[in-house]
Amino acid sequence: MLDASTALTRTSVKKSATVAAPLLASAALTMLTGCRQEQMQRCVDEHNVVVDDSLCEMQPQRNPNGGFYPNPFRYYYGGVGNYFPGSIASGGGFSPVAGFEYATSRGGFGSSFSGRGTGE
Amino acid sequence: MRRIAINPRPDWQQKVESVGLTYHSPEAMAASGRTYWDESACYEFTAAEVDMLEAAANTMQEMCLAAAQRVIDRKRYTELEIPADAIPLIEWAWEAEPPALYGRFDFLYNGSDPPKLLEYNADTPTSLLEAAVVQWHWLEEVSPALAAASHVGNPDQFNSIHERLIAKWKDIAPYLNVPVYFAGTHEPEDMLTLAYLQDTAEQAGLSTQPIAMLDIGWNQGRNAFLDLNENRIDSIFKLYPWETMLEEAFAPHALATYREMHWIEPIWKMLLSNKGILPILWELYPNHPNLLAAYFDKNDGSSLHGMRNYVRKPLHSREGANITLVRKDSTVATTDGPYDGARIVQALGPEAVFNDAAGQPRYPVLGLWMIDQECGGMSIRESTGPITDNLSSFIPHYFR
């Protein structure tokens with residue numbers, strides 16, 4: 001049995017390693033609001049009925065060919081009406097319009113490893 | 001290769017914490033009396049063994065690239081469960097060679113038989129901080145005692161990971177736009193691995209920014225991923241597996257914008273981090289001394305090719321999850337886990353078991369770290385059973 005607790009003097013060093021303190025990633029950042037002109041972005045079903053945004057962010061389902069089944073829920077950009085689920089979106093379209101800022105959706109990555117690490 | 005019992009430094013917890021390793025004693029291991037960072041022992045190698053292991057890893061790197069080329073040339077993506085919509089981007093990235101950083105081969109080695117490749121963690125390897133920094137600091141402190149108490153002389157360590165990472169960041173910096181984002185989960189090990197990698201990038205002169213994977217935003221109007229300040233993300237290191245990203249909601253956006261961004265590791269690493277690369281390697285290099293026989297599991301006896309001692313692994317399993325170990329046709333160990341889908345079978349390698357001070361068996365697995373294409377260091381995870389998992393201890397090493 002060797003005793004590593006004695007004679008701890010520094011020997012020849014071929015490198016010196018520096019390690020940052022642990023960084024709490026999300027806590028260090030704050031969300032700032034943009035100053036661009038905003039336009040409505042609503043999640044709708046195939047009848048343009050407004051539904052919860054989470055339905056547009058559902059996990060895509062894979063088809064047997066390796067592609068994705070299209071999500072029946074899509075974002076509807078611009079137009080009139082309101083954000084209430086059940087209301088009808090009209091006057092807009094399914095493509096974002098240049099020059100307008102749309103809400104940024106988050107949470108589309110990272111949900112699969114909730115509560116556990118990715119280590120290997 | 002020898003396992004040597006050694007007295008831990010009396011204040012080893014504070015020592016390893018001071019260099020960033022806060023998860024040295026997880027609660028899940030408390031009942032066993034073991035710790036994740038375990039300096040009650042170390043492994044000793046000869047310089048010749050280290051040279052041989054380094055050469056084996058560099059050879060495996062070349063062979064793995066050839067195996068990836070085989071997958072691409074023969075369109076064998078289905079066997080690896082690669083989604084069809086990722087294939088054009090894998091092939092594009094394979095040719096364009098966007099920046100890649102690191103990976104870790106896991107080898108079985110017992111000091112006498114040739115080292116055998118178990119798998120390649122090419123996309124999201126962890127235990128990096130321990131390998132690059134913590135075990136180096138350990139050696140700096142214990143080497144006088146090692147030298148005084150044995151024939152060792154001045155012990156050294158196979159470990160230039162830190163310098164190589166900084167050098168690699170400098171090498172790829174011209175291809176990146178700053179800040180380089182570092183994204184991962186909120187798990188301590190992942191966060192510390194990211195913090196360490198972020199530190200190496202900073203030391204290479206790159207400005208960096210951390211972000212949680214969950215906080216990455218997608219803005220349809222700008223057709224871009226955004227940080228929490230609504231700034232566009234261009235260059236991003238993600239400690240998050242590609243195969244998982246491609247099952248999540250932002251997958252179509254990541255694929256649609258892949259060519260306009262810089263993701264590290266690049267998407268072609270999906271080919272190497274996949275256990276399916278092992279049967280491809282065996283096809284290309286049958287009976288290579290550093291390989292174990294491996295085949296895609298067809299759920300019948302034909303895929304065993306007469307093997308009676310083997311391991312069955314899912315293509316994407318991590319940390320020893322969902323493993324079945326078979327000896328003489330009988331299952332002797334299984335592990336639970338969330339991974340299903342296609343599997344491979346891989347022959348059991350030669351026994352690599354070393355007794356601890358109490359005479360109990362310990363099963364080491366050697367991690368050989370690749371910085372881009374070159375091997376630059378070694379680490380050892382040790383288990384009380386033959387399956388390495390997330391409760392396997394990290395044991396430092398030296399060579400003489």
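Chain naming here is simple, since letters A, B, ... match the order of the sequence lines and numbering starts at 1 in each. Everything numeric here is computed off the predicted structure, so don't read it as measured data.
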Problem - All disulfide bond (SG atoms under 2.5 Å apart) counterparts of Cys43(A), not counting sequence neighbours - result: Cys56(A)
Handout entry: Asn121(B) portion near chain A, given a 4.5 angstrom heavy-atom threshold
Key = both
Exercise for the section: Could you tell me which portion of Thr124(B) (side chain, backbone, both or neither) has an atom closer than 4.5 angstrom to a non-hydrogen atom of chain A? Expected result: both
Exercise for the section: Indicate whether any N or O donor in one side chain lies under 3.5 Å from an N or O acceptor in the other, for Glu230(B) and Thr104(A). Expected result: yes
Practice task
Name the option with the most non-hydrogen atom pairs under 4.5 Å to chain A; the candidates are Asp389(B), Asp190(B), Thr185(B).
Solution key: Asp190(B)
Problem - Rounded distance [0.5 Å steps], CG in Asp227(B) versus CZ in Arg106(A) - result: 7.0 Å
Practice task
Give, for atom CG of Leu226(B) and atom OG of Ser105(A), the distance between the pair rounded to the nearest 0.5 Å.
Solution key: 9.0 Å
Exercise for the section: Apply side-chain contact (heavy atoms from CB on, under 4.5 Å) to the pair Glu248(B) and Ser112(A), showing each step before the final yes or no. Expected result: CA-CA 8 Å; Glu248(B) 295 188 332; Ser112(A) 301; 2.5 Å; yes
Practice task
Side chain from CB out, backbone as N, CA, C, O: work out which of these in Arg104(B) comes under 4.5 Å of a heavy atom of chain A, or both, or neither.
Solution key: side chain
Exercise for the section: Kindly indicate whether the side chain of Phe113(A), heavy atoms from C-beta on, has any atom under 4.5 Å from the side chain of Arg318(B). Expected result: yes
Fill in the blank from the handout: Bottom line for Tyr75(A): the part with an atom under 4.5 Å from chain B's heavy atoms is neither
Practice task
Give, as side chain, backbone, both or neither, the part of Pro188(B) having an atom under 4.5 angstrom from any heavy atom of chain A.
Solution key: neither
Practice task
Decide if the gap between the ring center of Phe109(A) and the ring center of Tyr240(B) is smaller than 6.0 angstrom.
Solution key: no
Exercise for the section: Assess whether atom CZ of Phe84(A) is packed by more than 12 heavy atoms of other residues, nucleotides or ligands within 6.0 Å. Expected result: no
Practice task
Heavy-atom distances under 4.5 Å only: say whether Tyr77(B) touches chain A with side chain, backbone, both or neither.
Solution key: neither
Exercise for the section: Can you sort out the partners of Gln220(B) under side-chain hydrogen bond (donor to acceptor under 3.5 Å, both in side chains), two or more places apart, ordered by chain and number? Expected result: Trp218(B)
